[in-house]
Amino acid sequence: MTGTFVRLKLAIIRNGLHQSTGRTVGWVLGTVFSLLYALSAATGMVVLRGNDRAPSAAAGLAVVLVVGWAVMPLFLFGGDDTLDPTRLAMLPLRPRPLVTALLVSSLVGVGPLVTLLVTAGAAVALAGGAASVVVAVVAVPLVLVLCVALSRAVAAANTRLLTSRKGRDLAILSGLFVAVGVQLVNLAVSSLASSGGLDRVASIASALRWVPPAPALDAVRSAAHGSYGMAVAQLAYVGVVLAAVLVWWYRSLYRLMVVPDASTLRAAEGRDRSGRSTGLHRLLPAGRTGTVMERQFRYAWRDPRSKAAWASALAVGLLLPVVSAVQHGSVYSSCWAAGLLGLQMYNQFGVDGSAFWTVAATVATRDDARAELRGRAAVIASVAVPYVVLVTVGAALLLHRTGAVPEVLGLSFALLGALIATGAYASVRFPYSMPQETRFGGGSAAPGQGGLAALSLFGGGVLGAALCVPLLVLVVALHVTGRHGLLWLVLPAGLAYGAGLAAAGLRFAAPRLTRRLPEILASVSRG
């Protein structure tokens with residue numbers, strides 16, 4: 001079975017390259033860049049040979065490798081069919097030999113080769129003497145096998161999750177995770193560049209040295225210093241962890257391939273089929289506005305595109321002020337939270353797609369249109385207002401600028417109201433369809449409508465920012481004239497100004513919505 005699976009893995013790689021010239025070129029370039037990165041990382045580790053920082057660097061590198069292999073299935077599951085063991089469920093295969101076959105075949109590929117090169121470089125940096133070389137010969141394959149086995153075990157344990165709607169949501173949010181991770185790495189690098197950064201790395205590495213598979217590499221250092229008993233214990237420790245991972249993997253495969261699931265059993269009894277509402281309606285206003293709000297909240301929770309758009313706005317709106325606070329920036333960066341959430345008002349009907357006809361069929365008068373837009377705007381405001389307050393107060397506390405909270409909140413509320421107003425009009429005047437499958441949230445447009453999306457978002461966003469100029473002039477004037485004691489007036493002024501702009505924008509867009517219903521339906525249904 002093992003030989004068959006290895007040949008199947010090679011056939012999958014070969015057949016994938018034969019699909020198109022572009023795919024072949026992309027695979028070759030990706031392989032070349034990956035190997036260059038691996039060789040440069042291995043060379044860098046070898047250069048550290050004999051340096052006091054080499055053990056810390058090796059431990060950190062091992063932990064980074066195992067974390068990368070562990071989270072990889074969460075991002076690549078939908079694009080790599082070999083990670084899905086349920087495709088083998090109908091074949092007469094037993095889980096125990098299947099673990100061996102899958103493990104060996106998983107060692108074939110660019111990823112394992114990159115891991116092998118980097119780990120070998122780290123082992124060379126720690127080696128010193130014949131005994132350490134012998135330990136390195138055992139430690140390097142042990143690290144590689146543990147990384148690959150953990151990746152497969154994670155994929156098998158989460159197969160049913162990753163093939164469900166929640167798994168597709170996770171794939172859509174992968175771009176957000178990467179963006180947040182890049183910012184966290186940027187903060188970490190900035191922190192290390194400061195005085196005492198390397199000392200903190202050594203302190204952290206002393207703890208990471210016992211996180212598998214780092215002990216396997218640290219065993220090379222122990223053998224080089226004559227601590228042979230410690231080296232054997234460290235290798236045994238990683239071996240026990242590998243055995244536990246293999247057992248976990250085996251049990252996951254057994255559950256997937258032997259134990260019946262819901263598709264072969266009767267549906268769970270006792271499920272509430274009464275169709276009753278979740279109780280959310282009791283917290284919302286009566287009438288059409290409350291109905292629209294409940295529907296939009298359900299979209300935000302259930303629709304992958306809406307969920308990704310909301311998650312991106314909330315995460316980035318928090319991340320930017322935090323980054324600014326850590327880098328001793330301006331408390332006014334908190335306005336990003338209001339701006340990003342206000343942009344959710346744009347292209348309100350694009351997420352509905354062809355289902356917008358169910359809304360259009362119930363919009364007969366201006367009051368219906370106003371209630372529809374009011375409900376959609378109320379959902380954004382009900383989330384944005386407390387969130388903006390939380391982010392602004394938090395950033396002010398981090399920067400020790402609590403006195404600036406009223407003026408920043410006033411500007412944020414004004415910006416939020418302006419974007420809701422312009423977003424309502426842009427949704428009616430410049431609607432565009434969105435693809436059903438998108439990996440990075442709700443801002444993308446269907447092919448051929450990118451220009452319309454840019455006009456709606458950037459044009460409306462610039463206009464919304466321009467509407468905040470009067471309040472901004474007030475803030476600047478109070479600062480220039482030295483009347484800092486009156487800056488608290490910016491908060492009620494901004495709140496009233498933003499609410500007035502939002503109400504005016506909704507009232508202005510409502511009659512145009514009733515007239516443009518056929519055009520909107522045609523535009524948002526093209527995807």
Side-chain angles (χ1 to χ4, degrees), residues 172-194 300 305-347 380-420 422-423 439-444 453-454 457-469 471-472 475-476 490-491 494-495 498:
I172 291 173
L173 295 175
S174 61
L176 173 62
F177 295 150
V178 172
V180 173
V182 169
Q183 290 299 326
L184 294 178
V185 170
N186 180 38
L187 290 177
V189 172
S190 301
S191 176
L192 294 179
S194 61
R305 296 170 299 176
S306 299
K307 184 181 294 186
W310 275 103
S312 300
L314 292 171
V316 179
L318 176 62
L319 180 65
L320 292 177
V322 169
V323 172
S324 178
V326 172
Q327 297 176 346
H328 305 288
S330 172
V331 69
Y332 288 96
S333 61
S334 303
C335 293
W336 276 104
L340 292 172
L341 288 174
L343 289 177
Q344 302 304 307
M345 188 65 191
Y346 286 75
N347 197 36
I380 296 174
S382 62
V383 175
V385 170
Y387 187 77
V388 168
V389 173
L390 177 64
V391 172
T392 302
V393 173
L397 290 174
L398 289 175
L399 292 170
H400 306 289
R401 291 285 310 278
T402 54
V405 169
E407 57 186 284
V408 176
L409 280 179
L411 288 173
S412 297
F413 290 148
L415 178 61
L416 178 63
L419 291 177
I420 288 177
T422 55
R439 293 186 63 84
F440 299 106
S444 59
L457 288 171
F458 294 105
V462 171
L463 177 60
L467 291 175
C468 298
V469 169
L471 199 67
L472 184 61
V475 173
V476 173
V490 179
L491 176 56
L495 189 59

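- Considering CG of Leu343 and OG1 of Thr422, their distance stands at 8.0 Å, rounded to 0.5 Å.
- For the atom pair CG of Leu416 and CE of Met345, the computed distance is 10.5 Å after rounding to the nearest 0.5 Å.
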Go through the steps to decide whether Leu419 and Tyr346 satisfy the test side chain to side chain contact (heavy atoms under 4.5 Å, CB included), and finish with yes or no. CA-CA 8 Å; Leu419 291 177; Tyr346 286 75; 3.8 Å; yes

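- Pairing each heavy atom of Ala337 with each of Tyr387, the nearest pair is CB-CE2, 4.1 Å.
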Please report the C-alpha distance between Ser333 and Leu320 in whole Å, then the side-chain angles of each, then the deciding distance to 0.1 Å, and finally whether the side chain to side chain contact (heavy atoms under 4.5 Å, CB included) criterion is met. CA-CA 7 Å; Ser333 61; Leu320 292 177; 5.7 Å; no

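- Annotation for Val408 and Ser334: closest pair CG1-CB, 4.1 Å, computed over non-hydrogen atoms.
- Across Val475 and Glu407, no two heavy atoms sit closer than the pair CG1-OE1, 3.7 Å.
- When all heavy atoms of Ala418 and Gly464 are compared, the closest pair comes out as CB-O, 3.3 Å.
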Side chain to side chain contact (heavy atoms under 4.5 Å, CB included) for Leu318 and Leu390? Distances and angles first, verdict last. CA-CA 9 Å; Leu318 176 62; Leu390 177 64; over 6 Å; no

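- A 4.5 Å side-chain heavy-atom check between Leu398 and Val331 finds every atom pair outside the cut-off.
- Listed here is the closest heavy atom pair of Leu340 and Val316: CD1-CG1, 3.7 Å.
- Interatomic distance, Arg401 CZ to Ser330 OG, rounded to the nearest 0.5 Å: 7.0 Å.
- Atom CG of Leu491 is separated from atom CG of Leu411 by 10.0 Å, given to the nearest 0.5 angstrom.
- In this structure the side chain of Val388 reaches within 4.5 angstrom of the side chain of Phe413, judged on heavy atoms.
- Taking each heavy atom of Cys335 and Leu415 in turn, the nearest pair found is O-CD2, 3.8 Å.
- Residue-environment remark: CH2 (Trp310) exceeds the threshold of 12 foreign heavy atoms within 6.0 Å.
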Evaluate the side chain to side chain contact (heavy atoms under 4.5 Å, CB included) criterion for residues Leu314 and Leu341: first the C-alpha distance (whole Å), next the side-chain angles of each, then the deciding distance (0.1 Å), finally the verdict. CA-CA 7 Å; Leu314 292 171; Leu341 288 174; 3.8 Å; yes

